[in-house]
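We're numbering straight along the sequence, starting at 1. Computed over heavy atoms, backbone and side chain alike; hydrogens, waters and symmetry mates excluded.
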Amino acid sequence: MKTAILGPAQRAEALARMAERELDILVVGAGVVGAGTALDAATRGLSTGLVEARDWASGTSSRSSKLIHGGLRYLEMLDFALVREALKERGLLLERLAPHLVKPVPFLYPLQHKGWERWYAGSGVALYDAMSVSSGHGRGLPVHRHLSHKRALQVAPCLKKDALVGALQYYDAQMDDARYVTTMVRTAAAYGAQVANRARVVGFLREGERVVGVRVEDVEGGGDYEIRAQQIVNATGVWTDDTQALIGERGQFHVRASKGIHLVVPKDRIHSTTGLILRTEKSVLFVIPWGRHWIVGTTDTDWDLDKAHPAASSADIDYLLEHVNEVLATPLTRDDVEGVYAGLRPLLAGESDATSKLSREHTVAHPVPGLVVVAGGKYTTYRVMAKDAVDEAVHGLDQRVADCVTEDVPLVGAEGYRALWNARARIAARTGLHVARIEHLLNRYGSMAEELLELVVADPSLGEPLAHADDYLRAEAVYACTHEGARHLDDVLTRRTRISIETFDRGTRSAREVAELIAPALGWDGDQIEKEIAHYQKRVEAERESQRQPDDLTADAARLGAPDIVPL
């Protein structure tokens with residue numbers, strides 16, 4: 001299948017086409033659920049549009065724990081239906097839909113009590129494995145195993161000897177969340193969806209009680225568009241209530257934001273061959289392998305401040321360090337932290353005041369004719385949420401619509417990935433790149449890696465690594481703008497790559513090189529290059545300052561010191 005190119009020209013064309021004639025379905029919000037909804041609608045043969053106020057996955061969907069998992073802790077809550085559903089989706093993603101992006105990852109669960117805990121936790125993990133296999137899509141992962149105290153310390157030498165009496169090891173899966181969403185947007189576009197980021201919905205069009213379209217502000221090029229559709233899907237996550245307010249409708253449910261923060265530390269700071277899952281008094285703590293790094297997270301606290309840029313406070317960072325250091329033989333310090341990021345979970349408000357008790361299940365509603373709202377859920381089950389949203393929307397369409405087919409629609413890059421992986425040594429010899437570079441590209445782009453290699457053939461300098469972030473090739477920065485819809489320096493350093501959290505300088509030393517690389521693709525002059533660099537540096541400093549503040553209020557105020565960039 002031919003992949004869609006999402007460059008500046010394609011974005012402008014998509015906005016114009018969406019405004020030309022009425023769509024069947026317009027999706028508002030390009031996080032994982034919105035992108036999934038656009039893909040679901042497009043693959044049913046519906047004329048589909050997708051608009052996003054900022055960048056693909058710029059909210060929650062780029063700030064998660066990067067896990068595709070069944071939710072082992074939900075078994076303890078006896079939420080078997082949610083776990084079964086999530087395990088089926090995990091298997092589909094690993095085996096069929098996105099094997100280039102979703103990878104198995106092992107976790108060690110230290111046991112602290114002899115006897116009963118091994119039986120109790122072991123029964124839960126055994127049930128987890130059994131539910132995975134029974135879903136029909138779980139045979140690709142190893143089953144759990146019981147480890148003695150000695151064997152657990154061999155697998156994870158970083159642990160204190162007295163922090164465990166033994167352990168369990170089991171498998172889940174992980175992905176780069178922002179890259180996953182970008183790939184899904186490109187897949188939707190390849191099936192005919194018109195997609196545009198930096199296109200903010202500022203109002204709804206109504207005829208009587210019915211919603212018939214939206215007014216969209218082109219944040220990049222200026223100007224407004226009226227986009228009409230038979231059905232609008234509000235998939236704006238933690239902004240659900242704000243979007244509903246644009247039509248004077250609070251909606252049938254309330255979405256509450258829960259903040260989760262994560263720390264990124266270098267691989268050599270934690271000596272282990274496996275990830276860790278630790279129980280805290282409030283939730284669970286993960287130590288997750290992430291390339292040449294570890295991700296440590298997460299917190300779970302109520303958040304009612306700025307939704308666009310949730311801030312991690314000093315107290316948040318201390319909380320994670322304190323809890324992970326309870327089991328580490330060599331404690332982590334603030335100096336070990338390369339990156340920090342905070343995201344907001346969109347939880348459906350319930351009777352409990354504690355966000356950790358709120359539902360992770362999703363809800364779909366049709367509050368007024370022409371408008372469907374989908375909210376809640378978890379990253380792993382996005383495809384089910386998207387199916388349910390489109391199923392609800394088609395009730396309002398005057399046509400017969402095919403059933404959902406996304407269970408059998410791989411994302412772009414999946415087709416041919418395994419064959420290319422098997423040929424990676426030959427590709428390395430042909431291109432002159434090290435085989436490790438080819439593996440890196442294949443695990444980020446799948447078979448679309450060939451498109452990046454074509455850039456390198458045309459300009460061999462693009463085959464060199466970035467000077468201050470050598471995990472990434474210069475070609476990846478250019479490709480982000482020519483093919484993946486990146487519009488600003490921040491998009492490239494924060495979401496198309498993860499340089500902003502994977503380097504101690506938070507990407508500031510790479511800013512100029514990347515800005516100058518992408519300037520031709522985006523039509524920037526020297527002034528815009530300087531503006532982009534200055535904005536990025538201010539953003540990083542504002543984030544650093546927020547992380548020095550004692551609480552949420554002061555951290556939020558510090559983070560808001562760097563406003564979003566507005567093009568010249």
Legend entry - Test item: side-chain donor near acceptor, T497 and E476, under 3.5 Å: no
Inset, instruction - Indicate yes or no: does R63 engage D177 in a salt bridge with an N to O separation below 4.0 Å. - result: no
Inset, instruction - Tell me yes or no: between the side chains of T380 and H69, is some donor less than 3.5 Å from an acceptor? - result: no
Inset, instruction - Classify the side-chain pair R495/S62 by whether it contains a donor and acceptor separated by less than 3.5 Å. - result: no
Legend entry - E20 with R17: basic N within carboxylate O range, under 4.0 Å: no
Inset, instruction - Run the salt-bridge test on E484 and R444 with the 4.0 Å N-O cut-off and return the result as yes or no. - result: no
Legend entry - Salt-bridge present (R474, E513; N to O < 4.0 Å): yes
Legend entry - Polar side chain donor-acceptor pair, R21 to S47, under 3.5 angstrom: no
Legend entry - Ionic contact status for R506 with E543, cut-off 4.0 Å: no
Legend entry - Interatomic spacing from CD in E439 to CD1 in I427 - rounded to 0.5 Å: 10.5 Å
Legend entry - Electrostatic pair R44-D24, nearest N-O below 4.0 angstrom: no
Inset, instruction - Check the side chains of W290 and Q174 for a donor-acceptor pair under 3.5 angstrom, ignoring hydrogens and angles. - result: no
Legend entry - Side-chain heavy-atom pair R509, T503 within 4.5 angstrom cut-off: no
Inset, instruction - Count the heavy atoms belonging to other residues, nucleotides or ligands that lie under 6.0 Å from NZ of K538, then report whether that count exceeds 12. - result: no
Inset, instruction - Apply the ring-ring contact (aromatic ring centres under 6.0 Å, His included) test between Y445 and each candidate in Y479, Y180, Y417; give the one that qualifies. - result: Y479
Legend entry - Side-chain touch V457/E454, heavy atoms, less than 4.5 angstrom: no
Legend entry - Non-neighbouring partners of D470 that pass side chain to side chain donor-acceptor pair (under 3.5 Å), sequence neighbours left out: R292
Inset, instruction - Classify the side-chain pair D55/H488 by whether it contains a donor and acceptor separated by less than 3.5 Å. - result: no
Legend entry - Partner of D176 by side-chain hydrogen bond (donor to acceptor under 3.5 Å, both in side chains), out of R498, K103, K66, R496: R498
Legend entry - Ionic contact status for D564 with R198, cut-off 4.0 Å: no
Inset, instruction - Look up atom CZ in R544 and atom CZ in R539, then write down how far apart they are to the nearest 0.5 Å. - result: 11.0 Å
Legend entry - Heavy-atom pair of closest approach, residues V102 and L94: O-CD2, 3.4 Å
Legend entry - Separation of S461 OG from L517 CG (nearest 0.5 Å): 7.5 Å
Inset, instruction - Examine the side chains of T243 and T236 and answer whether a donor and an acceptor come within less than 3.5 Å of each other. - result: yes
Inset, instruction - Name all pairs fulfilling the ring pair (Phe, Tyr, Trp, His ring centres under 6.0 Å) condition that reach into residues 446-476, sequence neighbours left out, sorted by first residue then second. - result: H440-Y472
Legend entry - Flag side-chain contact, heavy atom, 4.5 Å: P8 against E220: no
Legend entry - Donor-acceptor side-chain pairing of E532 and Q528 below 3.5 angstrom: yes
Legend entry - Salt-bridge present (E530, R512; N to O < 4.0 Å): yes
